[in-house]
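Report on the structure given below.
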There are 2 protein chains.
Amino acid sequence: MAVQTRTLKTRAKLIEAAQNRINEAGYEALRVEDVVKDAGVAKGTFFAHFKDKDALMDHLIGGEIHAFLDEVELMEPPKSVDEILDALMPSFEFMTQERFVFDVILRHSGAAQNSEIGAIAQTFIRNGTVMAHWLAHGPFRKDIDPALMADGVGAFQIQALALHFCTAHNGFSIRDRMETYLNAWLLPKPSG
Amino acid sequence: MAVQTRTLKTRAKLIEAAQNRINEAGYEALRVEDVVKDAGVAKGTFFAHFKDKDALMDHLIGGEIHAFLDEVELMEPPKSVDEILDALMPSFEFMTQERFVFDVILRHSGAAQNSEIGAIAQTFIRNGTVMAHWLAHGPFRKDIDPALMADGVGAFQIQALALHFCTAHNGFSIRDRMETYLNAWLLPKPSG
DNA sequence: CTATGAAAGTGACCATGGTCAATTTATGGA
DNA sequence: TCCATAAATTGACCATGGTCACTTTCATAG
């Protein structure tokens, strides 16, 4: 049997309720119990729709990041590290709004450990694709595969975000740190 | 008043009980209730010694990693990417034994968000120090600060470990992936 | 040796995510 | 229209991490 309209409606109610709560009080404060109460369904229903609370978080946070990527994909390939940073900063802002959000992203960035790939993991893949295309067409090092370059940008992204939450490493903004990383990664000058 | 002997004994009992359980059934299966039962103390006592379960994990996992670093610090500075990998692999093995372990490490790698720095975060700092020293004295690129190089190695480490748990990225071993990363990061050849 | 205040320890209790046997609702065929 | 089956939903219940008012133990001043 195909999925019923009812199912889609319930799912929509759950997601809307969750989003509303998050808009009010942030991601960390979200409680499954509140969501099902607002959505007017039983607790068990929630878990029929989402494997666990984290799956909902993956869906919602992944959705936000996908929206940023929609913007990013419309851009011209950047011609400098600075232009790359301009493109990345909006999503960085989102990812650092709450430590909790970044933790969810971290947990899910390496893709689902088992089953199918989640929304956040998808954004990383999508990000890699866009980035590889950009890097292949920009004024950057040519000695390595653009996919590898993109992979590295992803790694430095995580690093910069992680250090942002680290009390020992303040004083540098994420953008400044990323700029240092990307210059060293994309524009190495080992001879000079 | 100074800390009492009693305190140290209780703490030791808790840690020993936890370590035994972990040796039996792994990190993920650890239950606070089991630990306090084995240690012969009340649940509340556990939380008087550790802020939360994660703090115990940080202590135990951080301890293991510190032991690897003890070995690493005795080594001669490596003369190639391959030798760096030889030095890193043992701890990689430990970090990938359980997805759960890697998640704990990820959560704590960026140092404590608030209060004082945890054991795992310390290992990252220590690792950075050793690595910077190595890189400064090895046949690697000279156009950037060794500390920055070390920082990058850390970022690629996380990336390689994360991808190891990603079903979409199998076929490459961690070591192979790290080798690719480190060659591109430490020995760039943008001209050729 | 005893009183006293601080440190350590206790366990009933709470918060919250997650499960599952039972129930209700939808769908398609006879 | 009615039945059989699958899908969807329910909510009591469980697992487990974490809290806190209270009790016990310790160290030291007098």
Side-chain angles (χ1 to χ4, degrees), chain A residues 1-18 21-22 24-61 98 100-101 103-104 107-108 112-115 118, chain B residues 1-18 21-22 24-61 98 100-101 103-104 107-108 112-115 118:
Chain A
M1 284 181 179
V3 289
Q4 305 176 2
T5 319
R6 189 171 44 146
T7 310
L8 300 177
K9 260 187 174 166
T10 303
R11 190 184 158 89
K13 277 192 294 185
L14 284 168
I15 290 173
E16 194 198 331
R21 284 274 175 179
I22 287 166
E24 287 296 314
Y27 286 87
E28 180 152 28
L30 191 71
R31 295 287 170 272
V32 172
E33 203 158 332
D34 292 337
V35 173
V36 298
K37 199 173 57 187
D38 291 2
V41 301
K43 208 172 187 180
T45 302
F46 179 95
F47 293 98
H49 286 260
F50 299 97
K51 183 185 165 296
D52 51 26
K53 189 185 164 186
D54 233 37
L56 171 66
M57 288 297 178
D58 181 57
H59 178 81
L60 295 174
I61 292 174
E98 280 182 57
F100 177 86
V101 170
D103 279 345
V104 174
R107 252 199 312 281
H108 293 227
Q113 48 270 52
N114 323 315
S115 54
Chain B
M1 281 183 182
V3 288
Q4 304 175 4
T5 318
R6 190 171 43 147
T7 310
L8 299 178
K9 260 188 173 167
T10 303
R11 191 184 157 88
K13 276 192 294 183
L14 284 168
I15 291 174
E16 195 199 331
R21 284 273 175 180
I22 288 167
E24 287 296 314
Y27 286 88
E28 179 151 30
L30 191 72
R31 295 288 170 272
V32 172
E33 201 158 330
D34 292 336
V35 173
V36 297
K37 198 172 59 187
D38 292 0
V41 301
K43 208 171 186 180
T45 301
F46 178 95
F47 292 99
H49 286 261
F50 299 97
K51 183 184 163 297
D52 50 27
K53 190 185 163 187
D54 233 38
L56 171 65
M57 288 297 176
D58 181 58
H59 178 81
L60 294 175
I61 293 175
E98 280 182 57
F100 177 86
V101 169
D103 278 346
V104 173
R107 253 200 310 282
H108 293 213
Q113 48 270 51
N114 324 314
S115 53

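Lettering follows sequence order; numbering is per chain, from 1.
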(request) Quick one: do A:Val36 and A:Thr45 satisfy side chain to side chain contact (heavy atoms under 4.5 Å, CB included)? Show the steps, please. (result) CA-CA 8 Å; A:Val36 298; A:Thr45 302; over 6 Å; no

(message) Let's see if you get this right: which residues in residues 36-45 of chain A place a heavy atom under 4.0 Å from DNA chain D?
(response)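 Residues of residues 36-45 of chain A that come under 4.0 Å of DNA chain D are, in numerical order, A:Val41, A:Ala42, A:Lys43, A:Gly44, A:Thr45.
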
Specify the separation, in whole Å, of atom [atom1] of [X] and atom [atom2] of [N].
X        : N      : atom1 : atom2 : value
A:Phe46  : C:dT19 : CZ    : P     : 11 Å
B:Phe47  : C:dG11 : CZ    : P     : 15 Å
A:Phe100 : C:dG17 : CZ    : C1'   : 12 Å
B:Arg6   : D:dC26 : CZ    : P     : 5 Å
A:Lys13  : D:dT10 : NZ    : C1'   : 13 Å
A:His49  : D:dA7  : NE2   : P     : 14 Å
A:Asp54  : C:dG18 : CG    : P     : 8 Å
A:Leu56  : C:dG17 : CG    : P     : 11 Å

Least distance between heavy atoms, [X] atom then [Y] atom:
X       : Y       : value
A:Thr7  : A:His49 : O-CE1, 3.3 Å
A:Leu14 : A:Ala39 : CD2-CB, 3.9 Å
A:Arg11 : A:Phe50 : NH1-CE2, 3.9 Å
A:Arg21 : A:Leu30 : CB-CD1, 3.5 Å

(request) Decide side chain to side chain contact (heavy atoms under 4.5 Å, CB included) for B:Arg107 and B:Val104; before the verdict, give the C-alpha distance in whole Å, the side-chain angles of both, and the deciding distance to 0.1 Å. (result) CA-CA 5 Å; B:Arg107 253 200 310 282; B:Val104 173; 3.5 Å; yes

(message) Whether A:Thr10 contacts D:dT9 is assessed here as follows: a side-chain N or O lying under 4.0 Å from the phosphate OP1 or OP2. Is that the case?
(response) yes

(message) Name the residue from A:Asp103, A:Ile61, A:Asp54 that meets the side-chain contact (heavy atoms from CB on, under 4.5 Å) definition with A:His108.
(response) A:Asp54

(request) Any chance you could measure B:Asp34, atom CG, to B:Ile22, atom CD1, to the nearest 0.5 Å? (result)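 Between B:Asp34 CG and B:Ile22 CD1, I get 11.5 Å after rounding to 0.5 Å.
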
(request) Using atom types as modelled and distance alone, determine if a side-chain donor or acceptor of A:Glu98 lies under 3.5 Å from a backbone N or O of A:Tyr27. (result) yes

(message) Within residues 25-34 of chain A, which residues have any heavy atom lying less than 4.0 Å from an atom of DNA chain C?
(response) A:Leu30, A:Arg31, A:Val32

